[in-house]
Amino acid sequence: MAEVRLRVNGADHPLDIQPQVSLLDALREHLGLTGTKKGCDQGACGACTVLADGERINSCLALAVQYEGAEITTIEGIDHPLQAAFVRHDGFQCGYCTSGQICSAVGMLAEHKEGMPSAVTGQGSGSHLSGAEIRERMSGNLCRCGAYNGIVEAIQEVAG
Amino acid sequence: MTQTLPETTTTRESVVGKPVDRVDGTAKTTGEARFTAEFSHPDLTHAALVHATVSRGRITAIDTSAASAVPGVVTVLTHHNAPALKSPRKVTPTDLSTMASGTSVNYLNTDEVHWDGQPIAVVVAESALAAREAAALVRVTYETAESTVDFTAEEPAAKPQKNNLVMQGSAKKGDAEAAFTAAPVKVDRRFTTPPLHHNAIEPHATLAVWDGDRLTVHDATQSIDWLRSHLALRFGIPTRSVRVIAPFVGGGFGGKGFIWAGTILTALAARATGRPVRLVLTRESVYRTVGGRTPSTQRVALGARTDGTLTSLIHTSVTRLGRVGGTPEAVTSQSKHLYAAENILVRQNLVELDLVSNAAMRAPGEAIGTFALEASIDELAYELGMDPIELRMHNEPERNPIDGKQFARRHLREAYRVGAERFGWADRTPEPRSMRDGRWLVGMGVASAFHPSMLFVANVVVRLSVDGTVLVHCGLQEMGMGSATVQAQVAADALGVPVESVRVEYGDSTLPMAPGAGGSMQTASVANSLLAACEKLERKLTKLGRSPQESPAAVLAREGLPSLEVSVGSDTRLGRMAGQLRFMSKFLMDQRRWMKAALGAHFCEVRVDPDTGEVRVSRWTASFDVGRVLNAKTATSQLKGGIVMGIGMALAEQTLIDPRNGRIMNPSLAEYHVPVHADIPPIDITYLDEPDPTMPLGLVGIGEVSITGVAGAIANAIHHATGKRIRDLPITLDKLL
């Protein structure tokens, strides 16, 4: 077992866990923060996306013990205009990928603000966050219900 | 209870059809919505499955010693020590829940192995981590038997599917073969489609708790009621002793409609250990224990006169079942209804393989059948030198082509007209490879969408309170369709109350029985009963002397009544049986009288890289004839969702099965490619909003129609862009080089 102190949504949580426990399992199973979802447990679907010091990560591919000292933000700690925009634009159906989409979008907006390029940057969009930019940057978050249009519209509205 | 002053007037604008936000929107965007795996219980244990690694045979030895020694393991269940379980029953029309069994295998009650992946042991442990570690340590020895797993090799030996009450294996009108031979213009093509998987992002999960002989199950299910009956049957307890809870389901698409091993084994493990058990399937376990869409081979032969009049339409198919179960897919369904061919022959054939049963997946049958039919129509249009829409309109039927029945409603012409205008079809130059955008080859294609409409029985209870609130009780399931939202709209209009004052409680078998979320019929079925309940309530209010200006709550206030309740349907055993019989007779009568369907026209534009063969879908317009739409927002989303899944089917998705041993080779979301954000352009959805006169409120189901025709439209657009006809899905870039 390993002792680790996780800081999640502004609160400290001392945990005594096995070293192979993923950050995702630590959140869901040990801290009861079930807003973060497990879709594949292999880093392929993005449902488990959380923010670590503001950066989006797949929490299923992160070991909890590596994140001591980091500021983890999960959907439960998010209070962002994106959430209402997702409802307005119907950016979800079943809701299972939604926490990951929203956390990912928050991280993505910050990345874009910092001037981080994507594979489509430079293809005419400039600093404006175009639909193509959003789609490229959000492609790590799968939505099997196919609510992609609504998600992109919601992000675009909030990005301004 | 705080008593707000009831509204006194009833004149208000209708909310049916309006883009009302989802009632569960906040819960889903804040992480508050709890899915099955997120429920807990004191003393909870966790399970993991051990899968068979041979495709057919018998377990001769199973060594669980290393697994049992893992710290935290409570027990390892195998066929040696698992409690007895009753076998699934044969399908019977008096109890439709008998259709719910995913397979006929009596898990852990047999040493027989029927497919590679069949669960043969369950580890129960204090943590999910320990259970998974121990599951990997179970050592199994098999005596293998010869198995048949290769669809391509077995397909020539397929046998005809028999006709039954609800599904035809074959149908004909006239002599299609002779007419085909005589036709001056013809195409005769073979198409193939691969196995596919639903891949709901929420993996299947179950939490089972026994209290004596009473069983409570949280389950990611599309079929609360069938699951309840099925569990009662398997564990030999009365149906009333089983409770199924599923408030939110993280996508289903058919994959959670049947009852698969994971659910049964969780309840069995809880029975064996006397402790609550939770099983969350790994993504790989979902692939290996839950069936997916069957592969198919199809022949479409079309014969026409030189003016485009279809004289012959032949559509035959081969699909597979598991030797341990599965349902035939109505691959040729749309071919009986879409075109006014003078002679028609459809025939479905089946092979049985040693694989897990196939399962319904969004528009089973039509999703792949429309690919072959609509691509063939496009090929015929090119043979004739006709515009593909013109050819379709030339053969648009006045009555149902196969049997001359009346259409309940059919506005496909109008759907094409509206769609063509929005899409800009007139700008298309018909010659293949004639349109370019820089280096990209541009192509445009169309295809029709078709899915039959049905109604099932649903029971509801509606309670009006003196504070003006309306509570609707119905055990329906919500997996993203917006069910609670749209039913609240229905009740609000029917009773003349604000939609905010209606609350729908759902997702629990203690509520009145609702149909499963499948076959695009839940919404219409529930709305049907809800309307009847609201009418009953209105009658009661009239008896209480309601004046036309008086709001429902005002009547209660005047009479000093705290609430007024009505119900439609009965949840007693006899009541349910009567309901099912009523449904079956109405279904059969309706089928004789009407052809009812959701229809649509897809318009797609693709760009193909001439050097790499990469295909990008760049534009999409779809125009639907789906009766009256209940909620512009959720309906549009659902229609888009089917198109997104169809784009995946057309261009990327396939489950790869090792032809030697039947093992799925890509059981992960990294290797099975579903569409991502970057694959999906803005989709333009439009619908005619013409009510269906034979359906409640004029609505027809829309959950499946939009995936049909998608692959056909894309294949046709790719041909237009490149001049290449690809008749084998998915259309990956290697096929275009």
Side-chain angles (χ1 to χ4, degrees), chain A residues 18 20-21 25 28-29 32-47 74-76 78-79 82-84 86-100 102 119-120 131-132 134-153, chain B residues 19 21-22 24-35 37-38 40 46 127-129 198-203 248-253 280 282-284 478-482 633-634 636-638 640-645 647-648 668-671 674-683:
Chain A
Q18 287 180 280
Q20 72 269 40
V21 169
D25 282 346
R28 280 172 67 86
E29 305 298 330
L33 292 169
T34 55
T36 308
K37 305 302 180 194
K38 184 186 278 190
C40 70
D41 217 14
Q42 294 172 316
C45 75
T74 69
I75 189 70
E76 289 90 346
I78 300 252
D79 182 8
L82 272 170
Q83 288 158 297
F86 265 61
V87 177
R88 268 197 307 283
H89 292 277
D90 218 26
F92 56 89
Q93 289 180 40
C94 78
Y96 199 78
C97 74
T98 314
S99 303
I102 291 172
V120 302
I134 295 171
R135 290 199 295 273
E136 173 67 25
R137 289 168 188 260
M138 290 297 293
S139 280
N141 290 84
L142 304 181
C143 170
R144 189 56 161 164
C145 297
Y148 291 133
N149 278 188
I151 296 169
V152 173
E153 285 165 21
Chain B
D21 284 347
R22 289 168 195 267
D24 51 13
T26 304
K28 286 177 177 175
T29 52
T30 55
E32 276 167 25
R34 277 170 88 199
F35 295 82
E38 291 146 18
S40 193
H46 304 262
S127 74
L129 212 58
H198 313 83
N199 281 308
I201 303 295
E202 179 203 27
F248 291 103
V249 178
F253 317 111
V280 183
T282 62
R283 185 54 59 180
E284 181 176 348
E478 158 60 26
M479 49 178 198
M481 311 83 86
K633 191 175 282 194
T634 58
T636 301
S637 290
Q638 206 173 7
K640 284 184 179 181
I643 293 168
V644 171
M645 199 176 273
I647 291 173
S668 85
L669 286 168
E671 292 161 289
V674 306
V676 303
H677 272 285
D679 297 322
I680 304 302
I683 296 170

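Residue numbering restarts at 1 for every chain, and letters A, B, ... go by the order of the sequence lines. Hydrogens, waters and symmetry mates are skipped; everything else that's a heavy atom, side chains included, is used.
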Would you mind checking which part of A:L142 comes under 4.5 Å of any heavy atom in chain B, side chain (CB onward), backbone (N, CA, C, O), both or neither? both
Looking only at B:M481, B:K640, B:R34, B:E478, most heavy-atom pairs under 4.5 Å shared with chain A are made by B:K640
What I want to find out is whether B:E202 reaches A:K37 closely enough, with some N-O distance under 4.0 Å, to be called a salt bridge. no
Got a sec, which residues hit side-chain contact (heavy atoms from CB on, under 4.5 Å) with A:C97, two or more places apart in sequence or on another chain? A:Q101, A:C143
Answer yes or no: is there a donor N or O on one side and an acceptor on the other, between the side chain of A:S99 and the main chain of A:G35, under 3.5 Å? yes
Interface residue of largest heavy-atom contact number with chain A, from B:S668, B:P203, B:A27, under 4.5 Å: B:P203
Chain B contact via A:A147 - which portion, at a heavy-atom distance below 4.5 Å: neither
Most chain B-contacting option - heavy-atom pairs closer than 4.5 Å, from A:R137, A:R135, A:E136: A:R135
Between chain A and each of B:Q638, B:E671, B:E284, B:E32, count heavy-atom pairs under 4.5 Å; write down the option with the most. B:Q638
Salt bridge check: are B:R283 and A:D41 linked by an N-O gap of less than 4.0 Å? no
Heavy-atom proximity to chain B below 4.5 Å, by part of A:Q42: side chain
Classify the ring geometry of B:H677 against A:Y148: parallel below 30°, tilted from 30° to 60°, perpendicular beyond 60°. tilted
If we define contacts as heavy-atom pairs under 4.5 Å, which of B:A128, B:P19, B:A670, B:P682 has the most with chain A? B:P682
Greatest number of heavy atom pairs closer than 4.5 Å to chain A - which of B:L669, B:I201, B:L129, B:T26: B:I201
Measure the spacing between CG of A:D25 and CD of A:Q18 and express it to the nearest 0.5 Å. 11.0 Å
Pick whichever of B:G251, B:S40, B:S637 has the most heavy-atom pairs under 4.5 Å with chain A. B:S637
Counting heavy-atom pairs under 4.5 Å with chain B, the top scorer among A:G39, A:G146, A:A44, A:G131 is A:G39
Residue list, salt bridge (charged side-chain N to carboxylate O under 4.0 Å, His left out) with B:D21, at least two apart or on another chain: B:K633
Do the side chains of A:E153 and A:R88 get close enough for a salt bridge, i.e. N-O under 4.0 angstrom? no
Given heavy-atom pairs under 4.5 angstrom as the criterion, report whether the side chain, backbone, both or neither of B:V644 touches chain A. side chain
